Amino acid sequence: MSDSFGNDAPADAWGTNEPQDTPQPSGSAPVVFDKEALAQRAREQGWTETTAYDYEAFEREIGEIGPEVPELEAILFGREFRPEQGEHIAQLKEIEVHVEGPERIAPIVRFTDAGLHPAVLANCQRAGYVVPTPIQGYAIPTILGGSDVVAIAQTGSGKTAAYLVPILSKLMGKAKKLSAPRPDVTKPGFDIRSHGVRAEPLVIVVVPTRELAIQIFDEARRMCYRSMLRPCVAYGGLPMQICREELGKGCDILIATPGRLCDLMDKPDLLSMNRVKFTVIDEADEMLDQDWETELTKIMAGGDTNEDADHQFMMFSATFPKGARELARKFMAEDHFNIRVGRAGQTHKNIRQNIVYVDQNAKREAVYDLLISMEKPGRTLIFCNSKAAVDLLDDFLYNRQLPTTSIHADRNQREREDALRAFRTGKAPILIATGVSARGWDVKNVVHVINYDLPSAMYGGISEYVHRIGRTGRIGHQGLATSFYNDRDEDLGQALVNILVECECEVPEFLSHLTPEDGNIQFDDDSDDEAEAGDGGAWGGAADGDGDAPAAAGWGSAEPAAPADDGFTADAGFTPAGGAPPADDGW
Ligand SMILES: Nc1ncnc2c1ncn2[C@@H]1O[C@H](COP(=O)(O)OP(=O)(O)OP(=O)(O)O)[C@@H](O)[C@H]1O
């Protein structure tokens, strides 16, 4: 799909082209509609006029924003970083969106409909975003409206921008008003030890791994362009001295791993939480799996000093276990929104999943054969369950002259960064990793994910499988996921078959006995537990037969929100942002 600002833009994705109200059936003369007669007929039948969308225009003052700096712009938004949405983006929109909250959300179908600050809108354009993904369509207006949000959506569906864009839009133009004083680092004689300040961020984003922290920091830098806000990153493994120096220059948006953030919270001379207005927990499920619950509870409580009544909390993930729901219930406003694109833990049809039977002792040869026979070699990510297995496989393939590198928790920071850089740049296009270390990675053009070891329950089970294969087939691109299965993986068999059936992938012969005869898949996902617990069903309301809890009082809508692809017309009186979606914007 072409850039929305080029002349060959997809019609109206940014609302800049004339709406096409005259359909042109191919090969025949244009059909001319008499709009007035049609309007009259519609009114006679009792249809009201299309009402304008409430938050179409940006209503507050632009405020003070920074100048354009072409050199910086080229660095931040250079081709290397442009995601270039794939042509199969429509697959993502086919998934039903479920929303529970105190009121209906009118999802946005164009970025221009969201009432975003013009400078943020321009940054979205520069970043190459064409149309909002479904999770962005719902989360952006909800966050702009000031609500707390729990959001679940498939891997690679743009969750990071779903929170960064509205948060930055709310802060853009207000840096001078809201930010803590910052030292002038350009002043001659500036010395961080004597002139450094205490960091008082407005936004905290918590993520499970260092690599993810750096990736989100990069995305935040792009969205902060011209905002005069300063993003910083802090993670375990970064020398405390460097952390101190960075924070000492001032920090408005802090992206951090939970352990390091809690360390910093214990050092009031370095960090104060008193200005925090937005707390985002990204990949919440992973952090709870990794036993960061105490740290998350401390972070969500916001430290002793934060008394901001408007403090917004957000949790984003592709899966949503019980622990995360409990955290949400404890810290979020009672009227928070739950936005779920599809089933929690669902994947999508852009990933072709292959399960092949391979005996444990034949795996090495099998992975070699697979790599050597790839039609067109491309970036490939291989997952093993243990660090030792990663090292062994890396040695084995490297000795067979394949361009490999590897990453796991025992590597030092430098080694991890080098490995990821080599993979990103294509110097070492085969990366072998443990699942945890690759959580949330967004690497362009990963064409193949191989589960050398499938993640048994001990290694995160089926949700880990979903996260792993989600490193390919991102944002409308297609990808392949091959998994080696043998008797040791039987505990995962049923869940795998369910996902294969759901995504219309082939179920291999050796698992075919697990295919439900009546075609009805029973997902053993976390949302069911909730319903069984009888506590009101955090996911209540989606009466769609997918196993969700029945409608619960207090969660507003009793039907699923409209599927994102049908013009959002599920409900009378429910008008999509900006009217009907553009005719040909791919959604
Ligand atoms: N509207 C959009 N149009 C085009 N590209 C987009 C859009 N929104 C986000 N992207 C790009 O899509 C890629 C994937 O986004 P992101 O990493 O936020 O996905 P995610 O849902 O968080 O995935 P995961 O669950 O695997 O962490 C990024 O490169 C991002 O810049």
Side-chain angles (χ1 to χ4, degrees), residues 1-4 10 13-14 76-77 79-90 92-93 95 108-112 114 116 121 123-140 151-166 205 207-209 211-223 280-286 314-320 339 341-342 344-348 350-351 381 424 435 438-446 449 463-477 479 564 585-587:
M1 194 179 282
S2 52
D3 189 304
S4 54
W14 286 94
L76 293 177
F77 300 100
R79 250 194 99 72
E80 191 190 338
F81 297 109
R82 279 180 84 106
E84 282 165 14
Q85 175 178 297
E87 50 189 87
H88 302 278
I89 193 89
L92 289 179
K93 69 156 186 171
I95 301 168
I108 54 154
V109 289
R110 292 179 286 227
F111 282 104
T112 43
L116 293 170
L121 196 60
N123 287 346
C124 290
Q125 294 172 347
R126 290 184 183 105
Y129 301 166
V130 183
V131 281
T133 61
I135 189 63
Q136 292 167 352
Y138 283 84
I140 290 175
I152 317 285
Q154 292 71 29
T155 50
S157 61
K159 292 190 285 294
T160 317
Y163 60 79
L164 281 182
V165 167
V205 180
V207 295
T209 65
E211 286 77 17
L212 194 53
I214 296 169
Q215 181 180 302
I216 292 177
F217 169 66
D218 284 341
E219 189 121 358
R221 285 179 70 210
R222 284 191 273 284
M223 282 304 135
V280 184
I281 310 284
D282 203 346
E283 309 280 355
D285 54 341
E286 171 63 19
M314 288 146 236
M315 285 170 83
F316 278 75
S317 192
T319 57
F320 195 45
I339 304 170
V341 182
Q346 189 173 347
T347 177
H348 52 80
N350 281 340
I351 308 172
L381 191 49
R424 275 189 202 278
R439 181 57 73 102
W441 281 2
D442 181 50
V443 178
K444 238 172 141 181
N445 298 334
V446 174
V449 168
S463 25
E464 173 65 19
Y465 171 82
V466 168
H467 278 288
R468 286 183 184 184
I469 67 169
R471 298 316 101 208
T472 187
R474 295 173 75 73
I475 209 91
H477 294 277
D585 65 354
W587 293 102

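Read the numbers this way: they start at 1 and go in the same order the structure lists the ligands and their atoms. Note that the numbering runs from 1 along the sequence shown for the chain. Here the structure is a predicted model, which means the values were calculated and not measured.
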From CA spacing to verdict: side-chain contact (heavy atoms from CB on, under 4.5 Å), R471, T155: CA-CA 7 Å; R471 298 316 101 208; T155 50; 3.5 Å; yes
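Residue contacts with ligand 1: D282 is excluded, as none of its non-hydrogen atoms falls under 4.0 Å. At least one heavy atom of F111 sits under 4.0 Å from some atom of ligand 1. At least one heavy atom of G156 sits closer than 4.0 Å to an atom of ligand 1.
A salt bridge is absent between D282 and K159: the closest approach of a Lys/Arg side-chain nitrogen to an acidic carboxylate oxygen does not fall below 4.0 angstrom.
In terms of modelled atom types and a separation under 3.5 Å, the side chain of Q136 and the main chain of G158 share a donor-acceptor contact. With hydrogens and angles disregarded, no donor-acceptor distance shorter than 3.5 Å links the side chain of T472 to the backbone of V449. In terms of modelled atom types and a separation under 3.5 Å, the side chain of Q215 and the main chain of D442 share a donor-acceptor contact.
Every atom of ligand 1 with a heavy atom of T160 under 4.0 Å away is listed here by number and element: 16 (P), 17 (O), 18 (O), 22 (O). The atoms of ligand 1 that sit less than 4.0 Å from any heavy atom of S157 are 19 (O), 20 (P), 21 (O).
The proximity of V130 to ligand 1, defined as any non-hydrogen pair under 4.0 Å, is limited to the backbone. With a heavy-atom cut-off of 4.0 Å, D442 touches ligand 1 through its side chain alone. The side chain of I475, and not its backbone, has at least one atom closer than 4.0 Å to an atom of ligand 1 (non-hydrogen atoms only; side chain from C-beta on).
Summarising the geometry of V131 relative to F111, their closest heavy-atom pair is C-CE1, 3.5 Å, with the distance given to 0.1 Å.
Residues that satisfy the side-chain hydrogen bond (donor to acceptor under 3.5 Å, both in side chains) test with E464, not counting sequence neighbours, are R439, R468.
Considering only non-hydrogen atoms, atom 25 (O) of ligand 1 lies nearest to K159 out of K159, K444, R471, Q136.
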